[in-house]
Structures are given as C-alpha cells and as structure tokens.
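Values below: all heavy atoms of this structure, side chains included; hydrogens, waters and symmetry mates excluded. Model, not experiment: these values are computed from the prediction. Per chain, numbering begins at 1; letters A, B, ... match sequence-line order.
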Amino acid sequence: MRPVDYVRPLDVAEVLTLVAERPAARFLGGGTNLIDLIRQGVERPDTLVDTTALPLAGIDTALGGGLRIGATTRNSDLADDHLVRTRYPLLAQAVLAGASGQLRNMATVGGNLHQRTRCPYFVDRESPCNKREPGSGCGALEGIGRSTAVLGTSDHCIAVHPSDMAVALTALEAQVELTGPRGTRQVAMGDFHLAPGETPHLETVTQADELVTAVLLPPPSLGVARYRKVRDRASYAFALVSVAALLDVHDGQIRQARLGLGGVATTPWRAHAAELVLVGAAPTDEVFEAAAAAELAPAKSLPDNAFKVQLARRTIVATLRRLRADGSAS
Amino acid sequence: MLVVNDAPTTLDLEPRVSLLDALREHLHLTGTKKGCNQGACGACTVLVDGRRVLACLTLAMQVEGREVTTIEGVGPHPLQAAFVRRDGLQCGYCTPGQICSAIGMVAEHRHGAASVVTDDVTTTPDLTPEEIRERMSGNLCRCGAYNGIVEAIVDTAPAMAEMAPALTPVPA
Ligand SMILES: Cc1cc2nc3c(=O)[nH]c(=O)nc-3n(C[C@H](O)[C@H](O)[C@H](O)COP(=O)(O)OP(=O)(O)OC[C@H]3O[C@@H](n4cnc5c(N)ncnc54)[C@H](O)[C@@H]3O)c2cc1C
Ligand code: FES
Ligand code: FES
C-alpha cells in the first residue's frame, strides 16, 4: 500500500499552502464517500486534509437577509438549524431525505456537494468508466442502467449526481463560496456542477488548489416549497427521482416557480423549461403536466431507465399539486 | 490517542485504519460489528461525543481526542433489557449497532431534530413508531426483528431521553 499522510489543519491559509504543494491531496470532510472510494481503489490520494478542525462550521444570518452555511457544517446540524427549518424547510427536508442519521451526523456540506456518483461502473475498477479513467469508455451506456441519468447526459457518461441536498440548493439559487490562492469567489449552484460532456471526470468548478468554504442562501422567497423523493425503499436509499419545488401563487396566477430534479440527471438539475411554462400561468393540472412535459422533452433514455421519464413526470405534477393545496391552505 | 469507553489509549496506526478496525483488531473490542464496511448497514454504529456515527467510514485518526462509546461502554442499559423482552433480535449481529444508534437517535430527538416523515419540519414530533422506523432506517436487520426493535425503543425512549446527554454541535 502506498503511504498516505493525514493532517488536520486549523486554518484555511495552512490548507491552501498544503494543497498547493501536494496536487494529489484530497479534502476529508466526514469521509463518508472518500473513505469508501479509497478502500475501493477509485481514489488514490497521497494526503488527507481533514477539514473538520477548520473554523468553517456553523450557520449565520448573512447581510441582506440570507444565510451563510459554513462548509464543514454537518448535514444533521444543517437540517436541525432553527433558521433553516423555519425559513428554508425545503433544504431541511432534502437533507433529512438523504442517507441515514449516522451518515448525516458525519457528512459535511462541502463533502456533500462533491460526493461522487453511485454509478456501479464508476466504482467497479474492472469496468470502463470515463469518469474514473478518462478515455476508457462508459460501461453504463452498454450495461445495466436502471440508476442512470436521462437528462444532461453525453455519449461519454450517463452517471447520476446522487445528492439530495444539492437539488434543494439548486432550487433555492444558492451560491457556493470557494477559497483559493487567488482569494475568494462565488459561483451560482446552477454553474457549480459540470455536465459530463466530453470530460466526465471534471464534476465541479472547484480547482485542485481551492476548497469550498461556505454555501450562501439568498433571502427566502415567497410561496410554499417541498422536497419529494421517490426511491426503491421508504428510507436509506438514493433517489430514483426527486423534486425540489417552490410555488408562489397569487390571484390565481403563478408568480414564481422553482424546480430542481434529482436522481434523473448528471448534475443537480434546475428545471428551467418547466419554470418557463409555469410562471404567469394558472396553477392547473394541465399547466403542471405541460411544465413536466417541457422539461422532459429532451430526455434521452435507455430501455432500463426509461421508467424514470414517466416517474419524473408524475412526481413533478404530484409535488406541484401538493404545493397548490399547501398554498391555498395557508 | 483514542478515548474509548472512558479509557484513554495510545495506538500507532496507519492513517487509513478505520475506527472500526482500530476497535476490533487493535483494542479487541469486538462488540462493534462489521457488516458491509461501506456505510450501508449500520452494524458498526458507535457514539462519538454522544453522536451516532459509522465506525467503518470513520478513520481512527479523525476521532483523536474525542470520546468514543461502544456497546461495551453502554451497558447495562434499559434498552438492552427491552430488546430481550420484546424479541428485538434473533441472531444478534445487528444488535450492538441498533442499541448505540437508538441511544444517539433519542438524544437527537431530545435535541429537537425532525425527520423526513415529519410533516412540518419546524416542529419536533413525538417519537411514534413511524418516526422511530425512519430515524432507525440506517440500521438494517437481516433477521427482520424490526417490530421488536421498534417496540423496545418505544418502551424505553422516555427513560433514555432522561439519560441522554445534551447534544452540542460537533466541536470545531
Ligand atoms: C450508504 C450511503 C447512503 C447514502 N445515501 C444518500 C442519499 O440518499 N442522498 C444523498 O444525498 N447522499 C447520500 N449518501 C452520500 C452522503 O451524503 C455523502 O457521502 C456525504 O454527503 C459526503 O460528505 P462527507 O463530508 O462525508 O464527504 P467526504 O467523503 O469527506 O468527501 C467527499 C468529497 O468531497 C471533497 N470535499 C470535502 N470537503 C470539501 C471542501 N470543503 N471543499 C472541496 N472539496 C471537499 C472530498 O475531497 C471528496 O472528494 C449516502 C452515503 C452512503 C455511504
Ligand atoms: S459495517 Fe459500517 S455500515 Fe455496515
Ligand atoms: S438480529 Fe440478526 S441481523 Fe438483526
């Protein structure tokens, strides 16, 4: 076994110096994804930089009425936070829909954003996978593909982005704060994850010498919101389809609609096409159906994952109907 | 240095050694079980600073200086008696993880945590069987002793809540 160093720096400056010198270093948040991938030989870092002693845990109100969520905040602390629960229940629901109580106690926000796909070909080193080994091919395209994506795919990769939290952050129009040797920058959630295209091994805009230091939420929007997740068993399973939806209806007209999709796409998916249909229209079943159809029109499926297109359509419509009822009740 | 069940010990470990292997292979505390070794079963659940975590996906290095509690440090506990009374086990392989997980789960609930089956996440619901099943979903039981497990937790939850330490966020 190749030797590995473990370090637990206390400040961000120390981290930046360290990773600048060691390109094969990896950040270790909760370790719930990285430790597994190291054990399977998929990740082969020479240094583990534990982020959890950095002063980055915690949630504070931000200027202008939003929230600043530190990158090492544990997923359970995020879901338990009073401000998150009262102002962004969609985010609390999405986080609570992921993994298990034990894993959420361990997982960090920064790690959740960077978690790798659960595509079985990615973790199986015997199979070709352009994500794991650029240029080797895609086992999923020819193989058994029930878990694979129908939106945002390319000829090189059809792996799903597995995060629930990220789908809610996409619908909430969060910003990701990255810190590197050139300072701090903010990237919109919609631009943070990269579609596979011809370079499926590049998954986020995070550079090797940068780390995520926070996630910033804009002030809460009007309307009602909900996260709905459909999976093979009632709990402790990744999504087949998930929908993060926000609906604001006023005087019989949809003033604002935001929709994120999980389980069906290569990135945490913002359903812009559906939103375009919804905004300005009346909140009728026909409009909800038309919105779902518009979003799923470009879907590309294989025989094994074709069910996801129908499942996504029905879950989008059911979630919007539920929000319409929630909204008229409140 | 690891503090396991109140006993400080010093181990010289390769950084990739998991907390689970450190407990079982180096400290010979074999109560904590290895089921899947990849986070999918909960058999390896232990408490770190009172929070339930998976020892198989934790490196021993990550918990240096923290308080680790394994099943060996838990008992005798009223929940163990309730598991026996309610037939909360058959082969017993998942049981140490179930017990540690339930202790952590009740502490989370006492701290106010909601769950994904909580209709309004701004509230803390009662620990109904439905809530318990969701909150314990990270612990699989191949023998299917779930009904007994849930009953044992229902019986013991009030007493456990009183025993539970106040949870603080994971210290920085
Ligand atoms: C059995 C099981 C079931 C699961 N089910 C679900 C589910 O249903 N839904 C779901 O959403 N997730 C699920 N997960 C995944 C889980 O949510 C992720 O593993 C977790 O969020 C990753 O966070 P972490 O802190 O443990 O990351 P780590 O494993 O520590 O790191 C993951 C990656 O992020 C990088 N990283 C960490 N922190 C930073 C940072 N600050 N800046 C830049 N890069 C960073 C690491 O280098 C690594 O590449 C499941 C996991 C398991 C094991
Ligand atoms: S052994 Fe740790 S979760 Fe299965
Ligand atoms: S009692 Fe056998 S696995 Fe649970």
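Take Ile38(A) and apply the side-chain contact (heavy atoms from CB on, under 4.5 Å) test, not counting sequence neighbours, and it matches Leu34(A), Glu43(A), Pro45(A), Leu48(A), Arg16(B). For His114(A), the ring-ring contact (aromatic ring centres under 6.0 Å, His included) partners two or more places apart in sequence, or in a different chain, are Phe192(A).
For the options Gly30(A), Ala79(A), Ala92(A), heavy-atom pairs under 4.5 Å to chain B are most numerous at Gly30(A). Between chain B and the residues Asp50(A), Leu96(A), Val84(A), the largest count of heavy-atom pairs under 4.5 Å involves Leu96(A). When the candidates Ala113(B), Ser137(B), Ala40(B) are compared by the number of heavy-atom contacts under 4.5 Å with chain A, Ser137(B) comes out ahead. When each of Asp5(A), Asn33(A), Leu28(A), Thr72(A) is checked for heavy-atom pairs under 4.5 Å with chain B, Leu28(A) comes out on top. Ranked by heavy-atom pairs under 4.5 Å with chain B, the first of Met106(A), Gln93(A), Gln40(A), Lys229(A) is Met106(A). In terms of heavy-atom pairs under 4.5 angstrom with chain A, the leader among Thr123(B), Leu54(B), Thr58(B) is Leu54(B). Taking His82(A), Arg8(A), Arg104(A) one by one and counting their heavy-atom pairs under 4.5 Å with chain B, the maximum is reached by Arg8(A).
Only the side chain of Leu140(B) comes within less than 4.5 Å of a heavy atom in chain A; its backbone stays farther off. With a 4.5 Å cut-off on non-hydrogen atoms, Asn37(B) touches chain A through its backbone and its side chain both. Contact of Met61(B) with chain A is made through backbone and side chain together, with heavy-atom distances under 4.5 Å. Heavy-atom distances place no part of Cys100(B) under 4.5 Å from chain A, backbone and side chain included. Only the side chain of Thr45(B) comes within contact range of chain A, with heavy atoms under 4.5 Å apart.
Looking at Arg226(A) and Asp326(A), their side chains come closer than 4.5 Å, going by heavy atoms from C-beta outward.
A donor atom on one side chain and an acceptor atom on the other are found under 3.5 Å apart for Thr122(B) and Asp120(B). Side-chain atoms of Arg52(B) and Asn139(B) include no donor-acceptor pair closer than 3.5 Å. Checked by atom type, the side-chain pair Glu108(B)/Ser76(A) shows no donor-acceptor distance below 3.5 Å.
More than 12 heavy atoms of other residues, nucleotides or ligands sit less than 6.0 Å from atom CZ of Arg231(A). Within a 6.0 Å sphere centred on CZ of Arg85(B), heavy atoms belonging to other residues, nucleotides or ligands number more than 12.
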